[in-house]
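Letters go in sequence order (proteins before strands), and every chain restarts at 1.
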Amino acid sequence: MKNKGIILFLTLLAAAIVVIILLDLRSNRTDLRPDNPYDIGLDQYSQVDSALIGYREVLNLSLNEKDKKGIAFGMNRLWVIGVNFIQAVSTEGAMLLKKELDKTPTSITIFKSDIYISFNDEIRRYAEDGSQLFSWPLQGDSILITGMAANDSILYTADAGKRRVLKFRTDGTLLATFDGKRETGDLHGFIIPSPYFDLAFTPDGELWVVNPGKHALENYTPEGRLRGYWNRTSAGIDGFSGCCGPAQIAVLPDGSFVTAEKGLVRIKVHQPNGDLSTVVAPPSKFPGGTHAPDLAVGDNGVIYALDFDQKIIRVFEKIKP
Amino acid sequence: MNRKNFLTNTGRWVLLGGLMYLTGSIFFKRKVSASGKYVWQIDPFKCTQCGRCATSCVRDLSAVKCVHAYSLCGYCDLCGGYFKPNTLSLNTGAENQLCPTGALKRKYIEEPFFEYTIDEELCNGCGKCVKGCTSFGNGSLHLQIRHNLCQNCNECSIARLCPSDAITRVPVETAYKIKGDFKPAIAKPQ
């Protein structure tokens with residue numbers, strides 16, 4: 001009688017195990033789902049030959065504020081703007097200064113001790129202590145300044161809203177605008193499908209402007225005439241992919257360009273002639289990320305990337321041979 | 001209070017709490033339809049383009065179709081939703097197209113802009129173009145359940161398998177979640 005009970009119990013247990021196994025096979029568990037037959041195969045572009053990677057990530061700086069908008073390097077510290085704030089952070093991550101802003105900035109650049117911050121309707125100049133020194137209004141609708149570059153007397157601003165570059169004297173006088181068209185009859189100049197439009201000065205003072213719809217970097221004279229360009233269209237590591245890119249640029253002390261792309265998020269260094277120099281951060285560094293990091297370069301060539309998805313500043317140093 | 005009364009009262013309170021939780025969660029989490037009718041719809045901000053919409057709908061050709069939020073489109077020449085990644089020539093050759101059924105059409109507007117439209121009779125809702133557009137473009141292409149095609153099953157066979165729980169019942173009065181008009185609950189950073 002006792003054995004019968006045990007046999008019955010074991011039989012029921014075995015039946016229950018079989019039922020559980022069958023139910024598990026029919027379940028919707030992630031690891032049991034078949035592969036997506038319509039996968040577009042982006043993974044192959046995420047893999048980068050490790051020999052091409054010339055930088056290593058040495059530090060992550062985590063900031064409390066979530067809604068960051070941009071980053072710049074100047075006065076031996078990092079400057080970060082976000083929704084209604086500007087803050088200065090040491091290169092080790094210590095908070096040095098934080099000031100509230102009365103509205104949301106769109107981009108930041110620094111020349112010597114002058115900090116320029118753009119808003120939807122004005123540009124302001126701030127001092128090192130965060131005090132506002134000067135401002136001037138931006139005339140017109142649909143203006144979206146997404147990048148700026150300054151030297152002693154001139155501030156160039158990239159207006160993604162109107163697809164043009166505005167050239168200001170640093171006292172706010174508008175000196176010129178140019179839209180990337182070489183002559184009046186040209187059908188298009190800057191092509192900006194999404195709100196990413198950046199520009200930068202090289203160490204020898206040349207102005208380079210991204211033409212994202214053409215995957216190009218274009219060199220302009222101070223008067224706004226196209227002097228030269230290079231473009232690289234490729235989902236491979238040697239070029240820029242998708243509708244538009246690069247989304248952000250910065251310039252290294254040797255004149256090479258640091259580029260960041262959206263979609264297939266990656267950071268690379270291109271030589272001044274456009275050829276790929278090295279990879280800073282392959283797509284695998286940005287799992288699930290879609291937003292192009294904003295870039296800043298330190299005096300010693302250290303690259304700072306403001307990762308909007310991870311909400312951190314990532315610090316990359318060149319690997320010494 | 002004896003043990004019997006204690007257990008009875010505890011049971012009553014637990015039942016009452018459960019009922020209140022159920023009522024509250026239904027009231028706060030689910031938008032109420034004035035007509036009392038609900039339909040299935042995809043939240044485009046949750047969708048991960050897993051391909052299940054093409055393979056799991058009970059209809060022969062899925063009721064899920066790609067739709068286009070033109071206000072978000074960049075009208076790009078190199079459209080990540082239209083062209084395969086790393087395509088060498090930007091023309092309408094089938095070998096260059098990402099769409100497996102040729103449902104996404106490309107039309108020249110003016111230099112350098114192109115308009116993209118969807119032939120719904122060909123679209124199988126696979127989401128390849130959506131993946132490409134979301135990855136490389138502005139995300140203007142997205143998937144929606146077309147209610148002239150959907151049989152509004154009691155249990156949507158796609159919703160059951162959706163890995164991101166992007167498909168839910170919504171009031172029939174707001175039957176579509178079109179990007180541009182419909183925004184995610186928490187805005188993503190620019």
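Counting non-hydrogen atoms of other residues, nucleotides and ligands closer than 6.0 Å to OH of A:Tyr229 gives a total of 12 or fewer. Around atom CD of B:Glu121, no more than 12 heavy atoms belonging to other residues, nucleotides or ligands sit under 6.0 Å away. Heavy atoms from other residues, nucleotides or ligands lying under 6.0 Å from CG of A:Asp141 number 12 at most. Within a 6.0 Å radius of NZ in A:Lys103, more than 12 heavy atoms belonging to other residues, nucleotides or ligands are found. In A:Glu100, the CD atom is not crowded: 12 or fewer heavy atoms of neighbouring residues, nucleotides or ligands sit closer than 6.0 Å. Within 6.0 Å of the CZ atom in A:Arg163, the count of heavy atoms belonging to other residues, nucleotides or ligands does not exceed 12. With a 6.0 Å radius and a threshold of 12 heavy atoms from other residues, nucleotides or ligands, A:Asp102 has its CG atom above the threshold.
In terms of heavy-atom pairs under 4.5 Å with chain B, the best-connected choice from A:Cys244, A:Cys243, A:Ala292 is A:Cys243. By number of non-hydrogen pairs under 4.5 angstrom with chain B, the leading residue of A:Ser241, A:Gly239, A:Gly213 is A:Ser241.
Of the two parts of A:Ile191, only the side chain, counted from C-beta on, holds a non-hydrogen atom closer than 4.5 Å to a non-hydrogen atom of chain B. For B:Glu110, no part lies under 4.5 angstrom from a heavy atom of chain A. For A:Ser194, the parts lying under 4.5 angstrom from a heavy atom of chain B are both the backbone and the side chain. With a threshold of 4.5 angstrom between heavy atoms, B:Pro85 approaches chain A through its backbone and through its side chain. With a 4.5 Å cut-off on non-hydrogen atoms, B:Thr55 touches chain A through its side chain but not through its backbone.
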Residue pair B:Ser135, A:Leu42: steps toward the side-chain contact (heavy atoms from CB on, under 4.5 Å) verdict | CA-CA 9 Å; B:Ser135 299; A:Leu42 289 180; 3.5 Å; yes
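With sequence neighbours excluded, no residue forms a salt bridge (charged side-chain N to carboxylate O under 4.0 Å, His left out) with B:Lys128.
Judged purely by atom type and a 3.5 angstrom limit, B:Lys131 has no side-chain atom pairing as donor or acceptor with the backbone of A:Tyr38.
The structure places CD1 of A:Ile40 at 10.0 Å from SG of B:Cys126, a figure rounded to the nearest 0.5 Å.
Taking 4.5 Å as the heavy-atom cut-off, the residues of residues 59-83 of chain B that approach chain A are B:Gly74, B:Cys76, B:Leu78, ordered by number.
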